[in-house]
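These notes are about the structure you will find just below.
As the structure is a computational prediction, the values presented were derived from the model and not from experiment. Residue indices begin at 1 and follow the sequence shown.
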Amino acid sequence: MREKVILITGAAGEIGQALVQQLSANGANNKLLTMDLQAMPDDLQGKSTHIVGDILDERLFARLVTQYDFDVIFHLAALLSTRAEFSPELAHRVNVDGTLVLLKMAAEQSQARNRPVLFMFPSSIAAYGIPSLEIKARDQLVREWDWNMPTTMYGCNKLYCEQLGAYFSHHYQQLSVNRPVMIDFRSLRFPGLISAFTLPTGGTTDYGPEMIHAAAQGKPYACFVRSDSHLPFMAMPDAVKSLLLLARAPREALTRDVYNVTGFSISTEEIRERVMNAFPDAEISYEIDSRRQGIVDSWPAGINDNAARRDWGWKPDYDAARAFDEYLIPNIMKRYQKG
Ligand code: NAD
Ligand code: SER
């Protein structure tokens, strides 16, 4: 008898760690199988069966399916936007080919178990590509179908994988096997995420979290985007909340495969001011990186998450004030005081 598990790829990353923490919290009866190129950090050891492995390794999955029955898959493994611009072909392999490996595996699993496999896929505001700053200023809250013209490899990968997931969910049939494929694909377009407990790497929204974590450690920080740049952000607990709310929503309530979710829109200068209020000695300057600035300029200042609110009751717990005052600043202070 195969063991029923929740599979989380990219589990050693920022969202993965927060999700594993939540899914393994007291009282939760979830069996987690996690996979990442990296080991899990010490504080999460023992909360899952962890496999250090590559999502591109199809032989590894062929072995795992003989032992495990994947009920739910959170497919988080990816190369983020800035990193992907440095290695676009590798990003395509991991972000697109890797997602295809997971979707094919989920399809076969659903045929074997004759029940749907829930497939959760975090997409991104990188799926948008706003052509000019004038349009960015005009279209303050973009809807899921607006400006789907990404300017980065990562954004192209995310937009395509949203569509690939929808294809596997609604149209794919493996004709050689006389059993229906049942993939319940659900995707969220996240804004920039900010965690109090982990630091991002390789993303373009990293200036937000980097500024706060640097100030808390008394390190100078040179911000790589302009002070007037606006982007949507979200506190990590809201990211996990939205993933779990969407995962638990009744299928019949869903009118879309892909939903925008957001916390608050904020300019770089407003982030700097909030950080300076908490850490008055912080040294924050601006050293613009024109390529990363170009990416930020192409992403929307805000996203419209009305569909998520209407269909599955989404509402963030953290606006900017609460995210900084109650979640980020106190926890980040504690973290570095301890260190
Ligand atoms: P992260 O970079 O912290 O984590 C990604 C993890 O994937 C890393 O631990 C990495 O080791 C792992 N990984 C990369 N290649 C792999 C491979 N070939 N095989 C196995 N593991 C591999 O990123 P995150 O912030 O936790 O993001 C998780 C997901 O959410 C990603 O798909 C990302 O695109 C998406 N997302 C994140 C944000 C954000 O602001 N953090 C915003 C929108 C969407
Ligand atoms: N925060 C992510 C990045 O900057 C967006 O998906 O890459």
Side-chain angles (χ1 to χ4, degrees), residues 4-9 15-16 18-20 22-23 25 27-32 69-76 99 102-103 106-107 109-111 113-125 127-128 141-148 158-173 180-191 193 232 234-265 300 302-319:
K4 198 189 271 192
V5 291
I6 297 175
L7 172 65
I8 305 174
T9 70
I15 302 183
L19 184 65
V20 168
Q22 180 78 23
L23 287 173
N29 194 19
N30 297 308
K31 292 252 181 244
L32 307 181
D69 174 6
F70 299 123
D71 207 24
V72 181
I73 298 173
F74 289 92
H75 173 40
L76 311 180
T99 301
L102 267 295
L103 283 167
Q109 282 272 293
S110 75
Q111 288 174 312
R113 71 212 291 266
N114 211 19
R115 267 182 301 134
V117 172
L118 176 59
F119 195 104
M120 300 298 299
F121 179 70
S123 184
S124 164
I125 50 167
Y128 298 106
L141 289 178
V142 300
R143 297 158 302 179
E144 284 86 351
W145 54 90
D146 291 327
W147 301 116
N148 285 181
K158 287 293 184 189
L159 185 61
Y160 173 64
C161 286
E162 291 174 1
Q163 292 168 359
L164 196 60
Y167 162 74
F168 268 80
S169 192
H170 305 300
H171 307 293
Y172 176 77
Q173 286 305 327
V181 169
M182 288 173 280
I183 295 186
D184 183 352
F185 175 85
R186 305 179 183 195
S187 177
L188 288 167
R189 278 195 195 149
F190 281 130
L193 305 180
M234 186 187 252
M236 189 58 85
D238 272 337
V240 172
K241 172 179 154 173
S242 63
L243 267 173
L244 296 180
L245 265 181
L246 178 59
R248 290 169 187 156
R251 180 71 241 178
E252 58 280 9
L254 305 184
T255 58
R256 309 186 48 77
D257 298 305
V258 180
Y259 287 91
N260 280 347
V261 281
T262 188
F264 48 91
S265 286
I303 52 178
N304 177 323
D305 59 5
N306 284 349
R309 288 172 185 259
R310 180 196 62 217
D311 288 359
W312 42 277
W314 160 246
K315 189 171 174 296
D317 289 333
Y318 293 91
D319 59 11

Minimum-distance pair of heavy atoms, taken over all atoms of [X] and [Y]:
| X | Y | value |
| --- | --- | --- |
| A307 | E144 | CB-OE2, 4.1 Å |
| D146 | R143 | OD2-N, 2.7 Å |
| Q111 | P180 | CG-O, 3.5 Å |
| V261 | P191 | O-CD, 3.1 Å |
| A249 | R186 | O-NH1, 2.8 Å |
| Y318 | F264 | O-CD2, 3.7 Å |

Could you check whether any side-chain N or O of [X] sits under 3.5 Å from a backbone N or O of [Y], counting only pairs where one atom can act as donor and the other as acceptor?
| X | Y | result |
| --- | --- | --- |
| N304 | L141 | no |
| Q109 | D69 | no |
| N30 | L23 | yes |
| R251 | L254 | no |
| S169 | I183 | yes |
| K241 | K315 | yes |
| T9 | L76 | yes |
| D71 | K4 | no |
| N260 | V142 | yes |

Quick one: are [X] and [Y] in side-chain contact, heavy atoms under 4.5 Å?
| X | Y | answer |
| --- | --- | --- |
| L103 | Y167 | no |
| D184 | F119 | no |
| F185 | F168 | no |
| D317 | P237 | no |
| C161 | F121 | yes |
| F74 | L244 | yes |
| T262 | R189 | no |

Stepwise side chain to side chain contact (heavy atoms under 4.5 Å, CB included) test for W314 and D238: CA-CA 10 Å; W314 160 246; D238 272 337; 4.0 Å; yes

What distance separates M120 CE from L7 CG, expressed to the nearest 0.5 Å?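 That separation rounds to 13.5 Å.
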
Looking at CG of L188 and CG of L245, how far apart are the two atoms once the value is rounded to the nearest 0.5 Å?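 Between atom CG of L188 and atom CG of L245 there are 9.5 Å.
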
Tell me whether D311 is salt-bridged to R256, with the criterion being a basic N under 4.0 Å from an acidic carboxylate O.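 Here D311 does not pair with R256 in a salt bridge, since their nearest N and O are not under 4.0 Å apart.
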
Show the numbers, then the answer: is there a side chain to side chain contact (heavy atoms under 4.5 Å, CB included) between F190 and I125? CA-CA 6 Å; F190 281 130; I125 50 167; over 6 Å; no

Worked check of side chain to side chain contact (heavy atoms under 4.5 Å, CB included) between I15 and L243: CA-CA 10 Å; I15 302 183; L243 267 173; 3.9 Å; yes

When you compare the side chains of S187 and E162, does any donor N or O come within less than 3.5 Å of an acceptor on the partner?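 Judged by distance alone, the side chains do not pair up.
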
Derivation of the side chain to side chain contact (heavy atoms under 4.5 Å, CB included) call for W312 and S242: CA-CA 9 Å; W312 42 277; S242 63; 4.3 Å; yes

